[in-house]
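First comes the structure, then the notes that go with it.
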Amino acid sequence: MNAGLQFEFERPQSLAELGARLAQLSAAGADYVLAAGATDLMPQLKLGLRSPQRMISLGGLSELRGIAIDGDGRCRIGALTSLATIAADTRLQALHPALTAAVARVASAPIRSRATLGGNVLVDNRCSFINQSALNRAAHRPCFKAGGEVCHIVKSAQRGKLPQCQARFVSDSVPVLLLLDAELRLWSPRGERRVALAGFHHDDGIERHDLARDEVLVAIELPAPTGRRIDYAKLAVRANLDFPSLGVALGLRAIDNDAFGELAVALTGIGTHPGHWRHRRADFPSAAAMLDAAVAAARDFAASYDQDFFPRDYRKRMIEVFIRRAAARLGGAAWT
Amino acid sequence: MNPAPHLLRLNINGQCHTRAVAPAITLLDFLREEIGLTGSKRGCDLGECGCCAVLVDGAPMLSCLLPAADLEASAITTIEGIGCGSDLHPLQEAMIEHGAIQCGYCTPAMVLNGVALFAREPHPDEHAMQTTIAATTCRCTGYNAIRNAYRAVAAREESR
Amino acid sequence: MKPYRIVGQPQAQIDARDKVTGRARYADDLRLPNALHALILRSPHASARILGIDTTRAAALPGVRAVLTGADFERTFGVLPISKDEPALARERVRYVGEPVAAVAAENAEIAAQALALIAIEYEPTPPVLDARHALKPTDDPLHPELKRGDNLHKQVEQRFGDPDAAFAAAPIVIEKRFRYAAVTHAFTEPHAVQVEIDGRGNLTVYSATQVPHYVHLALAEVLGLDEHRVRVVKPHLGGGFGGKSDPFPHEMIAAKLALVSGRNVRLRFSREDVFFSHHGRHPTELTMKLGFDPAQGITALTGDILIDGGAYGSFGVVTTYYNGVLLQGPYPVPNFAFRCRRLYTNKPMCGAMRGHGGVNPRFASEVLMDMALTEAGLDPCQARIDLLHRENTLTVNEFRITSVGLKRGLEEAMRRSGWREKYGKLPFGRGIGVACGFFISGSALPIHWNERPGSTVRMTLEFDGAITVYSGASDIGQGSDTVLAMMAAEVLGVELDQVKVVAADTRLTPVDLGSYSSRVTFMAGNAARNAAIRMRRLLVAGACRKLGLSEPEYPQPQPPADFFRQGQRAPDFEADYLGANPDYRDGFELSGGRIRHLASGADIAWLDAVHAAIEGPGILQTVGNYRAPKLGGKFKGAGAGLSPSYSFTAFIVEVTVDPETGHVRVDKATCAHDCGFALNPLAVRGQIEGCFHMGMGQALMEEVVHEGGAVQNAGFLEYKIPSPFEEPEIDIVLSDGEDNEGPFGAKEAGEGPLAPVIPAIANAIFDAVGVRLQELPMRPDRVLAALRKAGAR
């Protein structure tokens with residue numbers, strides 16, 4: 001397997017220094033990769049999924065680390081803040097318990113102490129045909145994501161026709177962040193911009209999101225709490241290490257004194273990108289009808305093809321179970 | 001062309017180690033291949049088995065996933081830096097006593113993760129202990145004896 | 001209370017402090033001077049002809065010291081002399097994805113990797129055979145043309161005892177079901193690794209992560225064409241085996257050959273994916289089993305038709321083929337019995353021996369059928385099992401000699417502790433309790449290579465300073481065998497454990513022991529160690545007598561045990577009959593606290609003074625003990641399979657919660673009763689049982705090697721799911737308080753037998769919880785849910 005990684009390494013100490021360096025490298029057309037915790041990246045490098053000439057560590061950018069919460073409850077979480085730090089932050093636990101709980105379900109404890117929230121938002125999509133050694137990929141012929149001309153999941157896939165790749169979106173944090181109306185602060189030598197997390201990810205396992213090549217996710221920002229209560233449940237074989245076979249975040253918010261005013265759902269683990277819906281009670285004859293619609297929308301979304309320990313049909317069935325159970329946890333028996 | 005060797009200086013178990021190495025070397029390779037500290041095990045090299053755990057500034061991390069060059073400002077502790085001679089950490093003693101050790105391959109990581117846990121929280125709850133133990137794959141013990149060793153340490157009157 | 005100081009007490013492993021401080025050295029932790037780094041090039045094809053291999057560019061790369069292909073090895077090998085079908089490097093054809101095809105040794109890993117990339121291989125892919133059913137079909141291109149067959153059958157075994165058809169016709173209850181099993185693998189944490197040291201005379205010392213140094217020694221000499229005395233195999237600390245390190249392997253042959261060709265030391269280690277290519281795990285199986293049951297008599301007949309998917313080569317497969325049938329001969333009498341088992345070659349990594357070898361999969365079927373029969377008969381599944389267990393000192397229909405059976409009392413206690421009577425059939429929907437039993441060999445009575453030598457020999461020395469050294473070829477793979485050997489020596493010689501050092505698993509320094517497989521070490525190497533210690537004690541006591549002016553004790557002549565089940569043709573001898581059968585070695589002296597005391601007179605002497613007196617003549621005290629199994633078994637073909645001097649018995653009672661909406665199964669609690677005779681080291685025995693539960697639960701609920709086009713798709717700990725501590729329940733263990741006549745101090749095995757009943761106990765608990773019977777492993781949530789929906793639809 002890997003007989004030693006080969007890349008140059010550098011570690012700028014400030015965004016300014018990084019900016020200068022990225023401008024230089026871009027001008028030279030250099031091949032580099034930006035690394036935060038690198039817990040997702042290092043296995044890819046070892047398996048030869050990527051072989052950049054240069055790794056630029058963001059580890060020296062202490063300005064990208066830390067959790068700031070203002071008096072109104074607005075949060076700014078530096079993208080380099082470790083998942084362990086977030087999970088253990090008592091202020092966040094009180095303010096956004098679903099977020100700290102979801103983050104605490106990522107991978108294993110020593111990975112969480114290195115992995116970052118930014119990394120989890122950007123975590124690469126996975127497929128049993130791509131997250132493999134070079135030998136395994138050769139045994140099956142390289143797929144589109146490996147630079148080849150075939151998709152082993154959808155055999156009829158053709159180059160250029162999206163979604164090109166059915167690799168699964170597997171972030172545990174994103175469904176909850178979506179329901180928290182998170183925004184991403186993106187920085188590049190060309191300037192800084194702020195985008196909504198909703199819509200940031202694409203329906204494709206290769207071109208996965210809107211981040212430009214020289215752009216850095218510097219912070220995840222959460223508006224003041226809207227009163228939406230959120231529940232995150234994860235389907236996985238084990239309570240440790242596993243990526244979500246399905247993750248369901250459900251949010252319930254009162255509108256005009258109606259406890260069932262708005263139902264929000266976000267999914268992970270069962271498509272190329274996160275599913276995300278908002279349903280307003282006002283648009284339905286009953287809360288139960290709104291819940292039915294939420295289930296139907298989520299199940300339709302999951303009509304994608306992908307591979308996991310659990311068969312797809314089972315996971316689709318579990319969407320309904322997970323949504324209804326979360327709804328009961330948040331809204332009690334009043335749904336019926 | 002391979003990148004030119006890079007002079008790397010790491011603080012490991014309180015001692016400074018300087019070596020000219022490939023700039024992409026992982027901490028696990030640095031420990032095992034460059035300075036001969038083989039207590040950190042290469043069970044998978046992909047961050048899945050957990051047997052290569054070390055403490056970086058007191059926090060458990062997997063050395064197979066760490067670019068060593070990213071750690072020049074950090075204090076690294078390996079199993080060789082825990083307990084010396086007959087003066088073992090209470091968790092080491094408890095693991096011996098409770099039969100929490102069979103083949104021993106996961107043991108260094110099981111110890112290091114626990115050392116970090118008990119340093120942070122002398123009387124952790126069950127969930128915290130389970131989470132910590134789950135960081136490392138053990139195929140021999142079924143985790144029961146390891147759990148009992150952790151519980152014994154958590155139940156002590158005072159941490160050392 | 002038994003009169004023991006050391007054995008019977010929980011003892012930490014003698015090397016636990018080395019393990020807990022990171023000092024313990026595993027095969028890849030050794031640092032041989034100036035060693036080359038070896039890498040193996042593996043096949044990307046499940047099935048292909050090798051049209052050509054060009055290694056010239058690789059060989060020309062600066063820093064490359066040796067390049068090998070299949071042409072460099074004349075002989076194939078295999079752990080069983082009857083199926084030496086595996087090449088060190090593929091020749092003419094490749095038979096699985098990951099098969100070694102070429103190898104290089106270079107100054108460092110980077111150069112070795114570059115060299116591998118320069119090896120050009122021309123393959124002509126051929127259609128792969130990917131499952132056992134397919135392998136049964138006629139073909140003019142079988143995997144192993146040398147067998148001259150028109151299909152891919154490797155081994156077929158059929159045995160028949162009594163008249164099952166008549167018994168089925170007469171039985172009030174007859175149940176027949178089909179069961180399916182995924183491939184599972186050992187998943188030990190230490191990947192295979194080997195290092196080879198070559199001296200100036202071309203002698204090899206091979207440090208390898210192996211359970212069977214002796215077999216590796218023999219295979220290396222044969223494959224490399226070396227005199228056996230030129231090879232030495234050493235097992236350093238070993239990070240788990242479970243059967244997955246109990247064959248001689250291609251990488252051991254390759255590393256040794258690279259050392260011979262280059263004249264340099266060589267280091268070779270596996271990636272985690274390589275471990276999955278090496279595999280040797282449990283066979284994917286499909287079987288149909290039929291049980292005849294009469295509430296008044298118990299099981300009246302049992303038959304099975306079993307298909308096991310062996311992968312590309314033989315390994316232990318011939319034994320597995322037998323074990324799938326014959327290990328159904330316990331834990332209850334089966335008066336009419338027949339089975340057919342067929343092992344097929346397929347284009348996948350080979351299967352072999354895995355903890356509970358061959359007995360685990362059929363046990364799931366037989367104990368589920370048993371549960372169905374008992375339920376249908378209106379009997380309590382736990383009490384009825386207790387009532388039906390083998391009686392002591394009986395013969396099975398296939399002539400297994402059943403000696404001690406200590407499960408009855410243990411299972412009664414487990415029943416009580418688990419609250420069985422309050423829970424069985426009475427828990428709310430979704431919660432259930434289940435039970436299952438099993439049995440297993442305490443070592444195979446027959447050696448793999450037929451010869452008249454003992455299967456285990458131990459040498460022991462005692463020197464002027466009181467240092468006792470036990471030299472044993474047994475391989476401590478983490479189960480603590482070094483510790484148990486040291487315990488027995490310390491017990492017999494009246495010293496503390498830390499006065500005994502064990503030198504083990506070094507084929508130059510230690511006498512032959514066949515290895516750590518078939519749960520043989522405690523029983524066989526244990527008897528050998530105990531016997532060597534008793535002989536040492538006699539020398540020591542003689543020294544004490546000389547100093548004290550006493551005459552030496554009269555030792556009784558060995559007598560054969562009274563029971564008629566010893567079917568030996570051999571004359572009774574000291575080893576197997578007297579010492580093996582008589583745990584009482586007392587000689588009128590007490591050895592403890594650094595003194596040796598003559599009980600009758602009260603005269604005593606310092607232990608060390610007795611040593612000095614005893615070594616005056618020879619300068620060192622040295623003894624040998626050994627063990628060979630008694631001659632056992634019937635006269636029919638295949639009668640040797642499954643013969644053991646003694647059998648362990650186990651029962652598990654398991655409680656589960658089944659989520660009827662998701663099909664998720666959580667094991668809440670397990671209670672085990674295990675009959676290992678006398679538990680020499682209860683701490684280690686409990687550890688073995690807990691480890692067995694872990695592995696059994698993994699196979700029951702989640703473990704599964706997934707292949708796609710012959711390639712392993714989940715070759716790592718992320719996607720090959722072994723249970724985490726969150727899934728692991730508390731386990732309450734009841735150990736038997738009995739003794740086996742022939743085990744050392746009355747001990748039997750504990751390392752494998754407890755696994756098999758775990759799986760059916762979980763399945764039976766699921767039935768109690770939600771009323772469905774699962775017949776396919778793993779019992780994944782989607783399968784449980786499908787079964788529930790099917791049952792609901794009816």
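Protein chains get the first letters and strands the later ones, always in sequence-line order, with residue 1 at the start of each.
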Give every residue pair that meets the side-chain hydrogen bond (donor to acceptor under 3.5 Å, both in side chains) criterion with at least one member in residues 102-112 of chain A, sequence neighbours excluded. none
Is there side-chain contact between Phe309(A) and Asn714(C), with heavy atoms separated by less than 4.5 Å? no
Side chain from CB out, backbone as N, CA, C, O: work out which of these in Arg315(A) comes under 4.5 Å of a heavy atom of chain C, or both, or neither. neither
Side chain, backbone, both or neither: which part of Arg324(A) has an atom under 4.5 Å from a heavy atom of chain C? neither
Flag the one option from Ala239(A), Ala134(A), Ala107(A) with the top tally of heavy-atom pairs under 4.5 Å to chain C. Ala239(A)
With chain C, which of Met318(A), Arg317(A), His152(A) has the greatest number of heavy-atom pairs at distances under 4.5 Å? Arg317(A)
Within 45° cone of Phe310(A) ring axis and under 6.0 Å: Arg780(C) NZ or CZ: no
With respect to chain A, which residue among Leu701(C), Ile111(C), Leu116(C), Asp659(C) yields the maximal number of heavy-atom pairs within a distance under 4.5 Å? Asp659(C)
Look up atom OG in Ser133(A) and atom CZ in Arg42(C), then write down how far apart they are to the nearest 0.5 Å. 10.0 Å
Select one option (side chain, backbone, both, neither) describing which atoms of His140(A) are under 4.5 Å from chain C's heavy atoms. side chain
Please list all pairs meeting ring-ring contact (aromatic ring centres under 6.0 Å, His included) that have one or both residues in residues 104-129 of chain C, counting only residues at least two apart or in different chains. His45(C)-Tyr123(C)
Can you find a side-chain donor-acceptor pair between Asn136(A) and Gln713(C) that sits under 3.5 Å? yes
The reported gap from OG in Ser43(C) to CG in Leu135(A) (rounded to nearest 0.5 angstrom) is 7.5 Å
Tyr314(A) (side chain) donor-acceptor with Ala786(C) (main chain) under 3.5 angstrom: no
Considering all heavy atoms, the nearest Leu718(C)-Leu241(A) contact: CD1-O, 3.6 Å
Is it the backbone or the side chain of Tyr720(C) that comes under 4.5 Å from a heavy atom of chain A, or both, or neither? backbone
Checking His251(C) now: which residues fulfil ring pair (Phe, Tyr, Trp, His ring centres under 6.0 Å) with it, not counting sequence neighbours? His192(C), Phe249(C), Phe270(C)
Max heavy-atom pairs within cutoff under 4.5 Å with chain C, candidates Pro311(A), Ser128(A), Ala138(A), goes to Pro311(A)
Select all residues of residues 702-709 of chain C having any heavy atom within less than 4.5 Å of some heavy atom of chain A, and report them by number, or 'none'. Met702(C), Glu704(C), Glu708(C)
Enclosure of Arg141(A) CZ (heavy-atom neighbours >12, cutoff 6.0 Å): no
Let me confirm one number: the CG-CD distance from Asn131(A) to Glu719(C), rounded to the nearest 0.5 Å. 8.0 Å
With a 4.5 angstrom heavy-atom cut-off, could you sort out which part of Arg325(A) is near chain C: side chain, backbone, both or neither? side chain
More than 12 heavy atoms of other groups within 6.0 Å of Arg31(C) CZ: yes
Any donor-acceptor N/O pair, Arg238(A) side chain to Glu727(C) backbone, under 3.5 Å: no
Proximity breakdown for Gln307(A) and chain C, heavy-atom pairs closer than 4.5 Å: side chain
Which portion of Pro725(C) sits near chain A, non-hydrogen atoms under 4.5 angstrom: neither
